[in-house]
Structure formats: structure tokens, C-alpha cells
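The next block holds one structure in the form of C-alpha cells; read it before the comments.
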2 protein chains.
Amino acid sequence: MVKATIDDVAKLAGVSIKTVSRVVNREQNVRESTRERVQQAIAQLNYRPNLSARNLASQRSHLIGLVYDDPSAYEIPSGGFIIRMQQGVLRACAAADYELLIHPCNYRHRNAGDKLHALIDQVRPDGIVLAAPLSNMPRIVNAITAKGTPLVRMSPGEVNGDQYKVVTNDREVCAEMTRYLASLGHRRIAFVTGHRSHKAIKYRFLGYKDGLEQSGLPFSKDLVCSGDNSFGSGEACGDSLLSLDTPPTAVFAANDDMAAGIMRAADRRGIDIPDQLSVVGFDDITLARQIYPSLTTIRQPLSNMAERAAHALINDPGDGSKLKGTDVVPSKLMIRESTGPAPA
Amino acid sequence: MVKATIDDVAKLAGVSIKTVSRVVNREQNVRESTRERVQQAIAQLNYRPNLSARNLASQRSHLIGLVYDDPSAYEIPSGGFIIRMQQGVLRACAAADYELLIHPCNYRHRNAGDKLHALIDQVRPDGIVLAAPLSNMPRIVNAITAKGTPLVRMSPGEVNGDQYKVVTNDREVCAEMTRYLASLGHRRIAFVTGHRSHKAIKYRFLGYKDGLEQSGLPFSKDLVCSGDNSFGSGEACGDSLLSLDTPPTAVFAANDDMAAGIMRAADRRGIDIPDQLSVVGFDDITLARQIYPSLTTIRQPLSNMAERAAHALINDPGDGSKLKGTDVVPSKLMIRESTGPAPA
DNA sequence: AGCCCGTTTGACAGCGTTGTCAGATCCTTT
DNA sequence: AAAGGATCTGACAACGCTGTCAAACGGGCT
């Protein structure tokens with residue numbers, strides 16, 4: 001069974017290959033009757049244009065690259081995020097007959113930029129969706145833009161002018177979460193920060209402070225503990241916060257992994273959640289719904305964000321005119337069992 | 001900054017483009033001095049062959065497709081698996097300068113086969129790694145083989161002759177786990193089965209029976225409960241098993257999600273794990289290490305399996321001579337805190 | 001020197017598309 | 001009926017590489 005080419009279709013429809021090409025690419029100025037004839041031939045032969053030939057001739061690859069930090073380098077389960085982003089990009093791709101190429105990139109390697117160049121030169125994706133934290137690294141961003149490949153960053157913060165980026169409202173939603181805790185009567189609300197290199201984490205911390213202020217609560221350095229995004233560091237912070245003379249009644253962790261670590265630390269000390277301690281996280285990883293009690297947290301619309309990013313790339317006319325500005329997709333609170341009224 | 005082509009390299013090195021091609025493709029019969037000259041020119045111009053042109057001319061795409069069931073269709077966190085498989089395939093790809101294209105495929109859609117054909121016709125990957133449960137579906141497998149695309153299945157069971165497949169020893173390792181529980185003194189060991197359509201689950205159940213027999217324990221239907229792989233169904237099975245007149249002292253769930261559900265059911269009843277009940281799962285998802293107590297389970301070498309699968313595809317000489325037989329990669333027990341001696 | 005044979009190299013024709021541009025066709029309008 | 005302009009169509013040259021095949025080269029023999 002040999003594959004039908006554009007020539008076969010042209011012959012069957014009695015037109016030139018150029019006309020077939022026009023129909024396939026939905027170009028203007030093809031008579032309706034001709035278009036139909038060609039479309040029938042396409043259907044009959046089950047013709048599908050060869051991507052490579054197309055790419056070679058047109059410089060469009062119908063391929064989107066998703067570039068993210070190599071999860072194996074972490075011990076944290078970033079897998080959930082990556083999958084959700086992939087799903088979003090895939091939705092956009094499916095809608096436009098694009099395919100998705102994934103490209104983990106370990107920024108700790110000296111040749112990370114080279115590898116990216118290889119991807120760009122060899123495959124020539126029509127665009128690249130760059131996930132955090134890579135999207136905040138000038139070295140990585142520049143490696144891509146230097147080649148002129150359209151790029152959408154999924155992260156807050158500026159790196160390179162007014163390139164289009166898709167972000168979520170970390171700061172605002174964290175303020176909201178803090179106010180929610182305050183509304184439950186908590187007056188000593190601790191915060192566990194994460195890895196400094198993650199820009200988003202910084203915004204989460206600022207949001208926490210905003211929330212305290214908006215609720216008329218004082219900020220205290222003693223109630224801030226530095227983690228590194230890992231479960232283990234959450235456990236450690238939990239231990240240290242819970243052994244304070246007047247421990248907090250609520251802890252807000254900058255991500256769910258650390259929140260889970262805090263819960264474990266509390267569990268070990270026989271501290272009941274949520275009766276004695278409320279714990280909240282950020283991310284809504286799968287674990288959040290599965291631990292007991294289930295975790296109140298914040299869900300980022302990762303898959304939507306990624307979809308929007310890919311969509312922009314796919315629909316960019318080529319001059320980058322659509323690839324400007326910032327698209328803010330709001331996150332939302334997921335209230336579950338790990339939060340309750342402050343203990344009397 | 002315009003991209004260097006093979007012509008530029010040829011000119012700079014003072015050879016024909018064909019010779020450059022030979023060097024790039026590591027072909028025989030190039031004089032050492034010529035090879036060096038060409039390689040210098042390549043380095044100097046930072047030349048990288050255009051994948052599309054290569055594919056068009058050679059019919060090799062240097063692309064591997066990873067096809068798996070669309071995780072969004074499940075409510076279970078299959079994300080972890082997919083990421084691990086992706087990592088494995090990516091390792092193999094990186095080693096051979098291949099790129100990876102991912103292609104979720106919802107087999108519940110009537111046009112799933114069509115979508116696969118589109119992938120194959122348009123992109124022409126050099127091979128496809130097919131993940132369970134798709135790898136057990138003749139409709140899907142045939143859709144791929146009909147096009148003559150090399151395929152490696154990651155799943156037990158026969159579908160299509162002696163195609164190469166990479167599997168793990170579900171049955172043997174489950175027998176081992178069962179014997180381990182028996183060795184702790186458990187005599188009433190329950191089993192929670194999963195979704196029937198998953199072949200692997202069937203083998204896990206058989207392994208459980210083997211293990212009972214090898215330990216001289218009787219098999220009892222009353223100690224078997226049918227779940228559907230989900231956390232919720234594990235919870236339900238936990239409830240029903242724990243309300244038996246003489247409840248089991250150990251429960252073996254066919255996957256970790258269900259094991260977590262069982263633990264939750266036990267927790268609600270105030271049953272202590274592992275003192276009163278041992279629980280084990282299968283898969284070693286991230287959750288397994290994070291719940292409290294951490295879960296004894298079985299870890300599949302998913303990423304190794306996927307790497308081997310991709311490696312076979314990449315190194316197949318084209319006649320399929322390497323793509324025969326079965327590659328068994330053993331799983332291993334991860335003993336953690338959820339198991340202990342049977343209560344007196 | 002002449003011959004043979006294995007090694008090394010290059011010319012050239014594809015691979016299946018799209019872009020360019022000129023030619024053919026169809027309406028309007030006069 | 002002719003002219004003019006928009007609309008449609010096709011011939012042909014790219015795109016950057018590999019495969020084929022023939023030519024050139026380089027020893028080791030007579």
C-alpha cells in the first residue's frame with residue numbers, strides 16, 4: 001500500500017498539483033466546483049500532505065515545540081504540570097493539525113543552548129512554548145529568539161521586551177487565599193517559600209503579604225520559612241514552625257509538595273488538621289485530592305494557559321503581530337478539608 | 001543570520017555536497033583527512049542538517065512517536081507514567097539525535113485510527129512506541145502496522161504475531177510480593193483487582209494467586225474485590241473488605257491509586273497501618289512516597305522499558321530484524337512503611 | 001609501464017511540496 | 001463586439017538533502 005501524493009490527487013481530479021495545493025491550504029480564488037472535485041479526489045485517495053515536503057518548500061513545519069525543564073533533574077513530581085501543559089498545547093495542535101514535539105532541557109547543562117539550537121535548526125518548529133522556570137532565564141530565551149523562532153513564555157516577569165506571554169495571577173490569588181484564612185479567624189498565618197529562582201514563587205510571597213495587609217494582620221518574619229519546593233523541605237519547615245513558642249494556626253506553602261510535607265510533620269506530632277492547624281498549598285497536584293485530609297490549594301489553569309500559548313503561536317501571521325502583550329488567566333481557590341476555623 | 005546549508009559546508013571544505021552528506025551520516029569510505037576537513041567546516045559554520053530535507057530525501061524522519069491513551073480521559077493520574085515513559089524515550093532519542101513527537105490517542109473516539117494514520121502519513125516517524133492499554137487493542141495496533149510503520153508495544157499479551165515488545169514481569173513480581181506478605185505472617189491476604197481491559201492487571205492477579213499457592217495459603221474469592229483502578233474504587237473495596245466478619249490482615253491492590261483509597265478507608269475506621277493492616281500497591285507513583293505511612297509497592301522500570309523500546313526502533317536496520325521477541329525488564333519491590341508483621 | 005581491483009569522490013536526479021509568475025478564463029462595462 | 005479587470009489555473013523552479021552510478025584515484029601485481 002503506497003502513499004498517495006499530490007500528483008495522484010491532481011491526476012484523479014484532472015487539475016494541476018498547484019490547484020490541489022491551493023485546496024489543501026484553503027487558499028482563495030479556487031472555483032467552488034474545482035474545489036469540490038479536488039476534495040473528492042483527496043477523500044477518495046485518502047491523501048495527506050507530507051509534512052517534510054511541506055516544511056521544506058514552505059518553511060512552515062506544522063510542529064510546535066514544548067520546551068521545559070527536564071523533570072528528572074528534580075526530585076519533585078513536576079510531572080503533573082508537564083502533563084497538564086502538554087494537554088493544553090496538544091488541544092491547540094489538534095485543532096489546527098499541528099503535531100507536538102517535546103523537548104526537555106536541563107538548564108544546568110552548559111550545552112543547553114546548543115541543544116535548543118539543534119532543535120530549532122533541524123526541526124524548525126513554527127513556534128516554541130517555553131515553560132517556567134526556563135522562561136525566566138535570559139540565556140535560554142535568547143538562545144531561542146536569536147534564531148528568530150516565535151516564542152511564547154509561560155511565566156510572569158520580563159525577560160525580553162514585550163514578547164507575548166501567558167501568565168496567571170499568582171499574586172492576587174495568593175492574597176485571596178490569605179484573606180480566606182484570615183476570614184476563618186486565623187491571626188498567625190505562616191508562609192513557606194520555595195526555590196528562589198522561581199519567579200512565580202516570589203509573586204506568591206508578595207500576594208501573601210498583600211493578603212495579610214488587606215486583612216489587617218501584621219507581617220512577621222518569624223512566620224516565614226524557606227523551603228526549596230520539595231516535600232522534604234516542607235517537612236523541615238513544618239517542624240521548625242510547629243516548635244515555635246506560639247506556633248501558627250495556619251500555614252500557607254508556596255506549593256503543594258511542601259504543604260504535604262507540613263501535613264506530615266503535623267501528623268507526626270499528633271496535631272490534628274484542620275482542627276488545630278490549617279494548611280494550604282499552591283498548584284493542586286493530584287496528591288492534593290488524595291491525601292487525608294484533602295488539601296485546600298490553588299489551581300493554576302495550566303492547560304488553558306498552554307493552550308492559549310500554542311494557539312497564539314499557531315495563529316500568528318508570521319510577523320509576530322499577535323505575539324505581544326500579556327495574557328492573564330486567573331487561578332482559583334480549591335477549598336477542601338485541610339482548612340477550618342482557627343482553634344479557640 | 002541565515003542558516004548554513006550543505007552547499008556552504010561543501011564549498012568551504014572544497015568537496016562535493018555528497019561528501020559532506022557522507023561525513024554527516026558517518027558513512028564508510030571517506031578518507032580520514034577529508035573527513036576532518038569537512039568536520040571543521042561543519043563546526044565553523046555551525047551546520048546542522050535540515051530534518052525535513054533529510055526526511056524527504058531519505059524516508060527516515062529521525063522522529064519517534066510515542067502514542068498513549070489520552071490521560072484526560074481518565075480521572076486517574078496516569079500523568080506520572082506518561083512522564084516516565086517520555087523520559088525513557090527521550091533518553092534514547094537524545095543519544096541518537098532523534099526528536100520525540102507525542103501523540104495522545106483516545107481509543108474511545110471512533111476516528112482514533114484515522115488520527116493515527118494522519119500522524120503516520122504526514123510526519124512519517126521512524127517508529128512508534130505504543131503504551132498500554134492501547135498496545136493491547138488490535139484496532140490500534142493494526143492501524144499502525146497496516147502502514148508499515150515499525151512499532152514496539154509496551155505491554156504483555158499477544159496482539160500481532162511476534163512483534164517486538166517490552167514488558168515487565170507483572171506476574172512473577174506479584175507472586176513475590178504475595179510471598180513477602182505471607183512471610184510477615186499474614187494468612188488472610190486480600191486482592192483488589194483493577195480495570196478488566198488492562199491486560200497487566202490480569203497478570204497481577206495471577207501472580208497473587210501464584211504467591212498464595214507458593215506460600216501454602218488457600219485462595220478465597222471472598223478476599224477478592226473488583227475496583228476500576230481509581231482511588232474511589234479502592235476506598236469502596238477497602239470498606240467492603242474491612243467490614244467482613246474476619247477481615248484480611250493485608251490487602252494487595254493492583255495499583256497504587258486503589259491502595260491509597262484502601263488506606264483512606266482504613267484511616268476513617270481508625271484502623272492502624274501497618275500495625276493492624278498491611279497495604280501494598282503496584283506502580284510506585286509519587287504519592288506512594290508521600291502518603292503517611294508511605295506505601296510498600298512495586299516499581300515498574302517504565303522509563304527503562306520505554307528507552308529500550310525506542311532504542312530498538314532507532315537501531316532497527318529497517319528490515320525489522322531486531323524487532324522480534326520479547327524483552328522482559330524486571331520490576332522490583334519497594335518495601336516501605338505500610339507493611340508490617342501480621343497482628344497477633 | 002600496464003593492469004586490476006578496491007577505495008574514494010562527485011554529478012545529477014529525485015523526494016513531495018509551495019512560491020512565482022505568466023497565461024487562460026470569466027465577467028462587466030462600454 | 002471589444003476592451004479591461006478580476007478571477008482562476010498551471011508550468012516550472014526552488015527547498016536541502018540522499019541514492020545511484022560512474023569516474024577518478026591509489027596501491028599491489030605482473
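If you're wondering where the values come from, they're calculated on a predicted model, not measured in any experiment. Quick note on labels: first sequence line is chain A, next is B, and so on, each numbered from 1.
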> Does the side chain of A:L101 come within less than 4.5 Å of B:L63's, by heavy atoms?
Replying inline: yes

> Which is true for A:I17 with a 4.0 Å heavy-atom rule: it touches a base, it touches only sugar-phosphate, or it touches nothing?
Replying inline: base

> So does A:R22 reach the base of C:dG19 with its side chain, donor to acceptor, closer than 3.5 Å?
Replying inline: no

>> Measure CG/A:D126 against C1'/C:dT18 and give the value in whole Å, please.
In response: 14 Å

If you look only at distance, which donor and acceptor atoms sit under 3.5 Å apart when one is on a side chain in residues 13-30 of chain A and the other is two or more places apart or in another chain?
{"residue": "A:S16", "atom": "OG", "partner": "A:K18", "partner atom": "N", "Å": "3.3"}
{"residue": "A:S16", "atom": "OG", "partner": "A:T19", "partner atom": "N", "Å": "3.4"}
{"residue": "A:S16", "atom": "OG", "partner": "A:T19", "partner atom": "OG1", "Å": "3.4"}
{"residue": "A:S21", "atom": "OG", "partner": "A:N25", "partner atom": "ND2", "Å": "3.4"}
{"residue": "A:N25", "atom": "OD1", "partner": "A:R54", "partner atom": "NH2", "Å": "3.1"}
{"residue": "A:N25", "atom": "ND2", "partner": "A:S21", "partner atom": "O", "Å": "2.8"}

> How far apart are the C-alpha atoms of B:E99 and A:Q122, what are their side-chain angles, what is the distance that settles it, and do they pass the side-chain hydrogen bond (donor to acceptor under 3.5 Å, both in side chains) test?
Replying inline: CA-CA 10 Å; B:E99 295 283 345; A:Q122 298 191 352; over 6 Å; no

> Which of the following nucleotides, C:dT9, D:dG10, C:dG16, is nearest to the side chain of B:V30?
Replying inline: C:dT9

> Does A:K18 or B:R31 map to a spot on DNA chain D nearer the 5' end, using the closest nucleotide for each?
Replying inline: A:K18

>> Side chain of A:T5 only, heavy atoms from C-beta on: which candidate in D:dG16, C:dG16, C:dT18 is closest?
In response: C:dG16

>> Please pick, from C:dT8, C:dG16, D:dC8, the nucleotide with the shortest atom-to-atom distance to any side-chain atom of B:N29.
In response: C:dT8

> How many Å lie between NZ on A:K11 and P on D:dG10, as a whole number?
Replying inline: 14 Å

> Rounded to the nearest Å, what distance is computed from the CD atom of residue A:Q59 to the C1' atom of nucleotide C:dG19?
Replying inline: 11 Å

> Of the non-hydrogen atoms in B:C105 and B:V67, which two are nearest, and what is the gap between them?
Replying inline: CB-CG1, 3.9 Å

> Of A:P49 and B:V15, whose closest DNA chain C nucleotide lies nearer the 5' terminus?
Replying inline: B:V15

> At under 4.0 Å between heavy atoms, what does A:V24 touch on the DNA or RNA strands: base, sugar-phosphate, or nothing?
Replying inline: nothing

>> Output the rounded distance in Å from NE2 (B:H62) to C1' (D:dG16).
In response: 14 Å

>> Looking at B:T19, I'd like to know whether one of its side-chain N or O atoms comes within less than 4.0 Å of OP1 or OP2 on C:dG10.
In response: yes

>> Within the 4.0 Å heavy-atom criterion, would you say B:T34 contacts the bases, only the backbone, or no part of the nucleic acid?
In response: sugar-phosphate

> Could you state the OH-C1' distance from B:Y47 to D:dC17, rounded to the nearest angstrom?
Replying inline: 7 Å

>> Measuring to OP1 and OP2 of C:dG16, would you say a side-chain N or O of A:N50 lies under 4.0 angstrom away?
In response: no

>> Rounded to whole Å, please give me the gap between CD in B:Q28 and P in C:dG6.
In response: 16 Å

> Are side-chain heavy atoms of A:I83 and B:I83 found at a separation under 4.5 Å?
Replying inline: yes

> Counting just side-chain N and O atoms, does A:S16 come under 4.0 Å of either OP1 or OP2 of D:dT9?
Replying inline: no

> Would you say B:I128 and B:I120 make side-chain contact, with heavy atoms under 4.5 Å?
Replying inline: yes

> Rounded to whole angstroms, how far apart are CG on B:D8 and P on D:dC15?
Replying inline: 11 Å

> Over how many whole Å does the gap from A:D7 atom CG to D:dA11 atom C1' extend?
Replying inline: 13 Å

> Do any side-chain nitrogens or oxygens of B:S58 fall under 4.0 Å of OP1 or OP2 in D:dT18?
Replying inline: no

> Nearest of C:dG19, D:dT18, C:dG16 to any side-chain atom of B:L56?
Replying inline: C:dG16

> Does D:dC17 have OP1 or OP2 sitting under 4.0 Å from an N or O in the side chain of B:N55?
Replying inline: no

